[in-house]
Every structure is written in C-alpha cells, then in structure tokens.
Amino acid sequence: MKRIMKLPAIVRWICWTGLTLLILFTLMRWGLYLFFNRQGNTFADLSSSFFLGLRFDLRTISIILLVMLLLGSLPWLHPFKSKYGRKFWTIFLYIIVFLVLFLFVVDFAHYAYLVQRLNASVLNYLEDAGISMNMVWQSYPVIRLVLGLVITTWMVMWFIRRAYRRVRNRPSAATKRSRIISAVVLFLVLGFFIFGRFDQYPLRWSDAFALGSDYKANLALNPFESFFNSFKFRNKYDEKKVKTLYPTIAKYYNLPPSEAPLNYTRTEQPNANGISTKPNIVLVICESFSAYKSSMWGNPLNTTPFFDSMSRAGLFFDHCFTPTYGTARGVWATITGTPDVETPKTASRNPGAVDQHSIINDFTGYEKFYFLGGSASWANIRGLLTNNINGLKLYEGEDYQSPRVDVWGISDKNLFLEANKVLGQQDKPFFAVIQTADNHRPYTIPEEDRQEFNKVNVSSDSLRRFGFENIEELNAFRYTDFSYRKFIEAARKEKYFNNTIFVFIGDHGIPGNAGDMFPQAWTEQRLTSMHVPLLFYSPGLVQPRRSRVICSQLDVLPTIAGLSNIGYTNTTLGKNLLDTTSQAFAFIFDPDNNLSGIVKGNYFYRQQKTGQGELFSIINNETPVGDTAAAARRELGQLTEALHETAKYLLLNNKKKH
C-alpha cells in the first residue's frame, strides 16, 4: 500500500480508469461469445481469440489513457489540482464511456445481421438517412436501447468516479522524482500496449485472421479495430453503375447475359489437353522484376542471363502487366484475381475486404505453402493469406535457420533454399508461393554470397541509358537472377522437380527510362512500372514458346489451373491464357495520379477520373489517328470504366466459397 501511495494521484486514477474500461471491454467480448457462438466452440477452443482480443482492447484503452496522461499533466487540466480539470475529465469520460457502449451496441446489431464486426461501410447508410433511420426504428427497440445505454453509462461512471474520490481522499506521498519516473514508466507501458508486440511491425487487425476461422477472428476484434481501420477506406462502388456496365464485362468474359446481373462466376472444367500428372505448383512473386531492365528484352547490361535461358525453355509471356504499382497490390491481384483499386491505402489493409475467394483453394488434395523472408504483417498481407487459403502453412523470417540480412528478412537465395528444403520433403502434391524481396532498397548483397556472386562495375552513363539509377540497384537486380539459378539448381536434385510447374511473375515493374528498347509511350506513360515477365517453366511438361498475348497478374491462377488440368471456379477478372476464345487485354490503375486504362492490341488507353481519355501506340512512336484510333478510343474507354467499377465492387463482394 505504501508503494501505491508513492505513485502520483493522476497515475493511480488513470490505472483505475483503465482497469474499469478493460473489464467493460472484456464483458462485451464475453457477450459476443455467449450470444453468437453458433459453432459450439468451447472457451479452450477460443482461448487464442480471447488473448488476442485482450491485446486489441489494451491498445484501444491505452490510447484513451495516454490522452488522459498527457492532457491531465497540464496545470489547467489536472484532475486533482484544477476545478476546471475535474469538470473537464468528468464530461470527457461520460462521453467516452457512452461512445464505447454505443459502438458495442451497434456492433452487436451489425454482427447479428451480417456476421461481421462493425466497419465503416455502415456509414453508407447515411446516404439514405431517412430510410435507414426508419428501418432502425422499425427493427430495434430504440427507446429501450437508448435508456439501457444511459443507465449502463451511469453505472460504469459510478465506478470511475468512486475510484476518483478514493484517490483524491488519499493524498499521494510521491516526490517530484517519483512523479516523473512513474509518468515516464506509464507512458512507455501505454506506448507498448498501443504498439502491441515486440516486433518490427505493430499489432494489426489482420493478425486476427491468422487464428483459423472467421468466427475466431471476429471474436478477437473489437468495434474500434474493425471500424476505424476500415474508416479510411470506405470503398464506395456505385451498384447501379456496376449493373449498367455489366453487359460490357459479360461480353469480354463470356458471362451470363445482362438479365442475370452481377454474376461473375464461371465454372471451368478440367482441360482435356492439360497436364494429367497432378503437377506441383511453385509460384514465385518476384520483387520489382521490371521487364525493360532484364535480359529477355535485350537490355545490353545482360542483368538476368539465367532467367533469360529459362524463358527460352518455357512458356514465356512478354506482354504481361501488373494492374498497378506496388508489392501489396501485386500480391493481392495475383492471389485474388481482382485489381486492387482501393485508395488511398491498399486493399490488404482494409478489414472490409479481407474475405476473398482464391482459385488456389480449387487445388484440392494439395498442400498449400507461402514463403517470404520477412514478416507477413507487412501491409497486413497475413489477413489475405491465412483467412482465404485453406490449410495454408505460412513460413516467415523466424521460421528459418538462415540469418536475417536486412529489413526484409533473410536473403532471396536462402529463402529459395529454405523453401526447397521444405518442398523436397513433401509426399503429396503442393501449391507453394515464394515471395522475394532483395531487389529492393537497401539492395543488400549478403556477405556469404559476395565471392560467388561477383558484383560488377558499370559507368554511370551506361546505368542511366539502360534503366538503372546506381550500381547498387544493378547488382541487386543481378542478385535476383543469381538466386533464381541457385534455386533451380537445388530443385533439380529433388524428386519433385520433374512434376512441377514453376511460375515466375513480377510483383510490379519500376518507372524509368526504357530508352530505345521500347516505344516512347512505355516510358512517358509509365508502362515500365507495370510491365513484368510471366514465365511457366517445367521442362518435360510445358512446351517452350514465347507469346506476345497481352496479359496480367489477374490471369496467373486461371492459367495455372488450366495447365494443371484442374477444374476451378473463377469469380473475378482473370482469364486462362491458354483459352483461345478469350480476349487479350490488361487493366491498368494508377492510384497516385487517379488514372485507369487498358492495354489492348496496339494501344494503351488511359483516362482520368473526369473521363477524359488519351490513346497511345505501344508498337511505335506515332500518334494514333483516324477512324481506327477513334473506334479504339471508344471501345477501350467503355471497357476501362467497366473494369474499374467492377473491380471496386468485387473488392468487397468476392467472398470465398465455403
């Protein structure tokens, strides 16, 4: 007791307030468990959800307490030294407690209706406020709920005010030194609870979706996590416009006619000409694999000779584009088949978009793996992967024996070798994704590889002429090729190699000057930032061929399934590139400049949000003119709008199939 009395009054009061709020949050989570445990889970089954929920609650509460500590330390707002301060904090806490209870009540109603925790999409109802209010009035006992909120707020505040009086009536014996130390310690503790873990990345809402089921994830979250994390997104699609544009989409994707709107599902049967050996799949998502910087398009610096040799021995698509720029968006598009048109953040960070169907799940009987050298908490990608790929075994930095080399974790070479070690032990067919990272600042070349890798020196003039900013970037690009070679050499020694399709796709390109290697539009309209290699490599299973078919990351999974003789359900915007009846094009979205467009045929069409469109040639430096160009501008303008609006819709309506 004497030690407690040495703590400043404000610190003791903040601790009592925090404890009261924590009990309130815990009771709310127990309420969700008791009322909505339809699967019959025991508490033991859900212990991990409750523990993670405790951490989320501590973060929310710590933000409130940190505000109290910082503002309450000011003389005119001190709760025990200022009369104005006492009134201020009483009103403040009444408002906070009421808002907490109000959000929980709305959250419970939202969960009962949609089986989702409260998110910012509920604000869309404000657009039809009158209808929405009438619906609420007619559906819920509004008066009793408001009365219950008021009474419960008073009850909670009774405990907080009682704690305040208890602290006030027991004067503190704290010295100036102990006041400073205790305030600093409390600040650090609250800061830790807000960050949430001892790690490079803070606790994130997506961690809840690593628990194995939607119910466990929803139980762990609280309405503050789900609502405020989704608030900055509020991806607003116009359903009327989506329906109006549906016939355009249907025409390009062989979908049902317009009288059955917003049905994007295509059930594809196994391909009679596909590979009949139930091949393993290794999909490599290659960091910053920009086409114009590589050897496959004749860059004189010959940066990727090994990959070039693989491309000559495999099915290589040399007109592949990523829908947009950025690793998180590239991973999203590849795994889901939907362009990430979320702004300003990425879709992987949006709790409302975490539920996504992926064709990977159609590979039934396959083991599923995802390997990356660092942490899956990056960009909240963990939520996309673990929530949507059934039975996924996720390997991250701490799961490997290899040493960490930089912020991105272990080196790409060691990532490949660690993955190869796991895959070599498999007796069942598998679908593995390997995501690389070394071709990225800080451009680390591990010490252990420097002698064998042999860095090069190139003049600054040659670097600029052929697409590189500096020698570090060039050598990092070359190191990725070194890593691919070490991986394939190691894989050839394993029993799985001969029955495996290796698929390589860039996560995005890099904007820069492609010089004379490509027409001017590729540089001036930033196509270089989306142009990447796509390679299907499997000696003995895939016939070598170089294809100029225009394609996209969206097409990767449908094509893998088609090659593998797998029947699958396609619900988004990807196409099987081996299906000669489908039309070839690639959707482009630039969130930084608010542009969207299409690469199709000989043209790149792009338009601003205002609808103003431009047409560029991708085969020469001539300006497209005449009737043919005018017709292309009209066609691609309509297709661009249809794809953009449909992508916004699908981000929130591509639910996984249970």
Rounding to 0.5 Å, atoms CD1 (I61) and CG (L66) come to a distance of 13.5 Å
All heavy atoms of P75 vs all of S82, minimum pair found to be O-CB, 3.5 Å
Donor-acceptor under 3.5 Å (D507 side chain, S288 main chain):
yes
Any carboxylate oxygen within less than 4.0 angstrom of a Lys/Arg side-chain nitrogen, looking at R55 and D207?
no
Note: V167 and W16 closest approach over all heavy atoms is CG2-CD1, 4.0 Å
Do N414 and E418 meet the criterion of a side-chain donor-acceptor pair at a distance under 3.5 Å?
no
For the student: nearest non-hydrogen atoms of A328 and W378, plus distance:
N-CZ2, 3.7 Å
Is the ring pair F363/Y366 parallel, tilted or perpendicular, if the boundaries are 30 and 60 degrees?
perpendicular
Output yes when a side-chain donor or acceptor of S226 lies under 3.5 Å from a complementary backbone atom of L118, and no otherwise.
yes
Does NZ or CZ of K393 come closer than 6.0 Å to the centre of the six-membered ring of F369, within 45° of the ring's axis?
yes
What orientation do W30 and F50 show, parallel under 30°, tilted 30 to 60°, or perpendicular over 60°?
tilted
Check step by step if side chain to side chain contact (heavy atoms under 4.5 Å, CB included) holds for T336 and L651.
CA-CA 9 Å; T336 69; L651 283 181; 6.0 Å; no
Hey, is R382 close enough to E396 for a salt bridge, meaning N to O under 4.0 Å?
yes
Between E342 and R349, does any side-chain N to carboxylate O distance fall below 4.0 Å?
no
R117 side-chain N/O to Y111 backbone N/O, donor-acceptor pair under 3.5 Å:
no
Closest approach of F92 and I64, non-hydrogen atoms and distance?
CE2-CG2, 4.3 Å
Do other residues, nucleotides or ligands put more than 12 heavy atoms under 6.0 Å from the CZ atom of F187?
no
Taking everything shown except L34 itself, do over 12 heavy atoms lie less than 6.0 Å from its CG?
yes
Quick check: closest heavy atoms across L384 and I335, and the distance to 0.1 Å?
CD2-CB, 4.4 Å
Distance only, no hydrogens: is a donor on one side chain within 3.5 Å (strictly under) of an acceptor on the other, for N388 and S358?
no
